[in-house]
Amino acid sequence: MTHNILKSDILKAALAGVLTLGMASCTDDLKLSPIDPQSSQAYDDMSLLAKQYAVLGTTGQQGPAGKGDLSMDEGESGFYRTMFNLEELCTDECIWAWQHDDDIAPLTYIAWNKDSKRVSWTYSRLSYDITQFNNFLTANAEKTDGEWPHYLAEVRFLRALHYYYFLDLFRKAPFADTYQQGVMPEEKAGKDLYEWLDTELTTIEGQLAEIGSYNNSQNFGRADQGAAYALHARLALNSEVYTNGAIKDYQKAVDYCDLIIGSGKYELSKTTNANGYTGYEQVFMGDNDQNPQAMKEIIFPIRQDGTRTQEYAGSTYLVSSMRIAGMPFCSTNNCWSCNFARHTLLKHFFNNPEKDMPHATDDEVTELLKAKYDGKGSTALTVDEVIDVDDELNITTADVIEKAKDDRAMFYTGVGGKIRSLSTKQITGFENGASIVKWQNRRSDNTEPSNENFSDTDIPLFRLAEIYLTRAEALYRLGTDDAQALADLNQLRSRAKATEATSIDLNILIDEWCKEFYMEGRRRSDLVRFGMFTGNKYLWDFKGGEADGTSVDKKFNVYPIPTTDLSLNPNMHQNDGY
């Protein structure tokens, strides 16, 4: 009988302390000593498995702060947030408003070094989680009864996912596939790590539940074959980059996409619902684990719940960091006013954002406020008054979407919180750019979120839209079926109600990756694959530390191995240039 992993299971495991009981919380030296998960009979098999999943969406034993897994600011320590920051804050998509925060400016400008705190935090989180997976797998390696073959394969998938991020970010990993206390991991890099991942995924694919088995309310969030196929397709699409040209597995990427699309188990979320939320919008809302349309697109999510899995490093981070108090429809009281859109992101939707994009201007707002609200400032408006002003000036998010002719242009440029600039020559605060409202805690049925401060929104780590675009790019690079590649790309443009493309090339593809997936924790990886992250082939605002952008050294295509790990593990070697 298949057990269910519900949010309550993840919470129970996360709060139980089974992962770190008896273990020092400090992991700066990566000498982790987790307990044998079988040492306590108080936790059933499902609770032990649920804890393996819980590390994707929680940060410690208590939540949202207290008894953190890692010895750092707990809110900064989570799997998704650490990875997201290294994949997004350095790209053309967003800027963190407060440049004085720890190690933010080097990410903004692509100027980090081997002592970067945020690089070290990501490295530590990936290492920590892998150690937990290895401990679970080693302790339970001989179990073959009941659901255990599935459980072990699922944890091997989670471990492969983490090694994938090591490969993507660092091109190498401190590698171990068993738990042996006191034994230093070996270095596995480039082609060797790629081939291990390729083999590992191939092996576990036959051991996981059939594709789409867990795409339902009872098991949503567990990894079945669909999750492994999606990771394998992503790995293969990046094969040339990850192996320094030694392997070009584009056909393998196509083959895995074919398996997912051909299964008929997933569908794009296309239909605007009765409350006016578009199909695209519903994928990123607070009930995306209950809305059947959104669930059908999501192949593998990170589970989140505002009441039962409180954190500052998952979707709460995504929602709260992109809101400021006074914005309408915030769906949270926790507005941090941190991440806003770079000007270049807006240019993917508008040729000339200042001219073409609906937005509040000082003069028109002042005139309206003088006429209707006795001239009081925009920050003194109530939220209802903000909505009224935005509607009257036609500067709502709906107006932005309509003008962009693309449902994915989910930006707010109204008066809520503060009047925004659409471009800036200096980073001074959250109002320096448009607000991004793609991630939200509102529910598609208009019921209330479970918590006013923490997000219910599950994070779609893999979704069907990626599979269509992966197949489109892989087919184009192979040069075997441009017609099918164009058709796949237009699946996404049609869903977004955007004008369908009539031809396909690399520029169109990288533009589509941005429009469909901005702020989903993958932009750096895509730009590297297209040869656009470093150098001067593609510039964006504040790349290289200049307002208009400038070239950066190719060494920044990969992150450095943290100095702390090099000093403790003689098996690891620094990446070139650092």
Side chains of N134 and R159: do they bring a donor and an acceptor to under 3.5 Å?
-> yes
Side-chain touch K172/F166, heavy atoms, less than 4.5 angstrom | no
Identify which one of R463, K438, R523, R522 satisfies the salt bridge (charged side-chain N to carboxylate O under 4.0 Å, His left out) criterion when paired with E516.
-> R463
For S120 and P562 the tightest heavy-atom approach is CA-CG, 3.7 Å
Are E520 and W439 linked by a side-chain donor-acceptor pair shorter than 3.5 Å?
-> no
Taking the six-membered ring for Trp and the single ring otherwise, decide whether the centroids of F454 and Y312 are under 6.0 Å apart.
-> yes
For E210 and D224, the nearest pair of non-hydrogen atoms, with its separation, is O-CB, 3.6 Å
Would Y317 and F84 count as a close aromatic pair, with their ring centres under 6.0 Å?
-> yes
Are E154 and Y53 linked by a side-chain donor-acceptor pair shorter than 3.5 Å?
-> yes
Distance in Å, Y578 OH paired with F556 CZ, rounded so as to fall on 0.5 Å steps = 5.0 Å
Quick one: pull up CG in D565 and NZ in K114 and give me the separation to the nearest 0.5 Å.
-> 13.5 Å
Got a donor-acceptor contact below 3.5 angstrom from the N571 side chain to the P185 backbone?
-> yes
Please work out which of the three classes, parallel, tilted or perpendicular, describes the rings of Y229 and Y256, given edges at 30° and 60°.
-> tilted
Is the backbone of L70 close enough, under 3.5 Å, to the side chain of E74 for a donor and an acceptor to pair up by distance?
-> no
Check whether any side-chain N or O of D458 sits under 3.5 Å from a backbone N or O of D289 as a donor-acceptor pair, and report yes or no.
-> no
Hey, can you tell me if F462 and F300 have their rings parallel, tilted or perpendicular (30° and 60° cut-offs)?
-> tilted
Aromatic ring proximity, centroids under 6.0 angstrom, Y214 and F220 = no
Pick from N135, L48, L152: which one makes a side-chain contact (heavy atoms from CB on, under 4.5 Å) with N140?
-> L152
Does R529 pair with E473 as a salt bridge, N-O distance under 4.0 Å?
-> yes
More than 12 heavy atoms of other residues, nucleotides or ligands under 6.0 Å from CG of N244: is that the case?
-> no
Look at D258 together with R471 and state whether they make a salt bridge at an N to O cut-off of under 4.0 Å.
-> yes
Is the distance between the ring centroids of F136 and Y151 under 6.0 Å?
-> no
Just by distance, with hydrogens left out, do N291 and Q282 show a side-chain donor and acceptor under 3.5 Å apart?
-> yes
